[in-house]
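Notes for the one structure printed next.
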Number of protein chains: 2
Amino acid sequence: MAAEKHDVFQAIADPTRRQVLQLLVEQDLPISEIASHFQISRTAVVKHLGVLTEAGLVDSEKIGREKRYHLRPEPLSEVKDWLGFYEQFWENKLTRLKHVLEAEEGRE
Amino acid sequence: MAAEKHDVFQAIADPTRRQVLQLLVEQDLPISEIASHFQISRTAVVKHLGVLTEAGLVDSEKIGREKRYHLRPEPLSEVKDWLGFYEQFWENKLTRLKHVLEAEEGRE
DNA sequence: TCAATATATAACCATTTGGTTTCACTTTAA
DNA sequence: TTAAAGTGAAACCAAATGGTTATATATTGA
């Protein structure tokens, strides 16, 4: 029961949030360090981190006065899986093409 | 120069729009037919189709009084490509683990 | 020709989103 | 012990989002 308020698709819809995820690929980072990579305020970055947390894409740990964020890419598999859906599209196209070709042969 | 106002990531952020795309995998469909699959008004569906069009994920053709929509899955490759980014994450982890193991060996 | 079908468009609305500024609290280091 | 660093959280704002209803226009078929 993850009870994730924010959906993964929504979480990655924002370009700033996608950049945050990219940053965390290299290493875990505290809020202020993450914020230093963007023009927007630290508060705005914190909100983005909140969305990413709710989507399960990051988690965090308080160390001293810092709060370090860590990448959790697992939920992205939902996106990856969904993306596969349109392979059916190409299969359908091939099937129709095959029917057309068979009809052509029949006429010859 | 596609000049696409809506980004693909944003286009697929909405669950209704994802369902519309799935519908169009099977076959091209006119607006009213698409709308009949949802509870929301036809006008609302038309707006979703507008977003999908701007993202290049569908196109349409007016046939008589109908406007038939057609799936264009190509832009989804941008999402697929982006998704690959976090493979670097696993590579990083493996590299670090390797270092730890080498240090262990050195101590023995 | 005329009603039914399909779409287009405008005006409007509530909520969400992405941002801001301000102030308070906790931890660290000199 | 006190200033600086790092974070938390509230209040506020404009614009975008996802929806509605109402009205107009174009096409078809009997």
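Here is the naming used below: chain letters follow the sequence lines, and residue numbers restart at 1 for every chain.
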query = What does nucleotides 21-30 of chain C look like as a protein-contact string, B for base, S for sugar-phosphate only, - for none, at under 4.0 angstrom between heavy atoms?
reply = B-----BB--
ask   = Which nucleotide sits closest to the side chain of B/Ile31: D/dG18, D/dG6, C/dT7?
value = C/dT7
request  = State which of C/dA11, C/dA8, D/dG6 makes the closest approach to the side chain of B/Lys47.
outcome  = C/dA11
request  = Would you kindly give the CD-to-C1' distance between A/Gln19 and C/dG18, to the nearest whole Å?
outcome  = 15 Å
request  = Could you tell me whether the phosphate oxygens of C/dT17, OP1 or OP2, come under 4.0 Å of any side-chain nitrogen or oxygen in A/Gln10?
outcome  = yes
query = So, do A/Leu76 and B/Phe85 sit near enough that their side-chain heavy atoms are less than 4.5 Å apart?
reply = yes
query = Any Lys/Arg nitrogen of B/Arg72 or B/Asp59 sitting under 4.0 Å from an Asp/Glu carboxylate oxygen of the other?
reply = yes
ask   = Base, sugar-phosphate, or nothing for A/Arg68, non-hydrogen atoms under 4.0 angstrom?
value = nothing
inquiry  = Of the options C/dG18, C/dT20, D/dT7, whose atoms approach the side-chain atoms of A/Ile40 most closely?
reply    = C/dT20
key: Interatomic distance where CG belongs to A/Leu49 and C1' belongs to D/dG6 [whole Å]   = 14 Å
Nucleotide nearest A/Pro30 when distance is taken to its side chain, options D/dT7, C/dT7, D/dG18 = D/dT7
B/Asp14 CG - C/dT15 P separation (whole Å) = 18 Å
request  = Specify the residue among B/Val46 and A/Gln39 whose closest nucleotide of DNA chain C lies further upstream toward the 5′ end.
outcome  = B/Val46
key: Check: B/Leu49 main-chain N/O paired with B/Arg17 side-chain donor or acceptor under 3.5 Å   = no
query = Under a 4.5 Å cut-off applied to non-hydrogen side-chain atoms, are A/Leu21 and A/Ile12 in contact?
reply = yes
inquiry  = Quick check against the 3.5 Å criterion: does B/Arg42 have a side-chain atom that pairs as donor or acceptor with the backbone of B/Ala35?
reply    = no
request  = Report the distance from atom CG of A/Leu52 to atom C1' of C/dT17, rounded to the nearest whole Å.
outcome  = 14 Å
ask   = According to a strict under-4.0 Å criterion, is A/His48 in side-chain N/O contact with OP1 or OP2 of C/dG19?
value = yes
request  = Scan residues 7-46 of chain B for pairs that pass ring pair (Phe, Tyr, Trp, His ring centres under 6.0 Å), counting only residues two or more places apart or in two chains.
outcome  = B/Phe9-B/Trp82
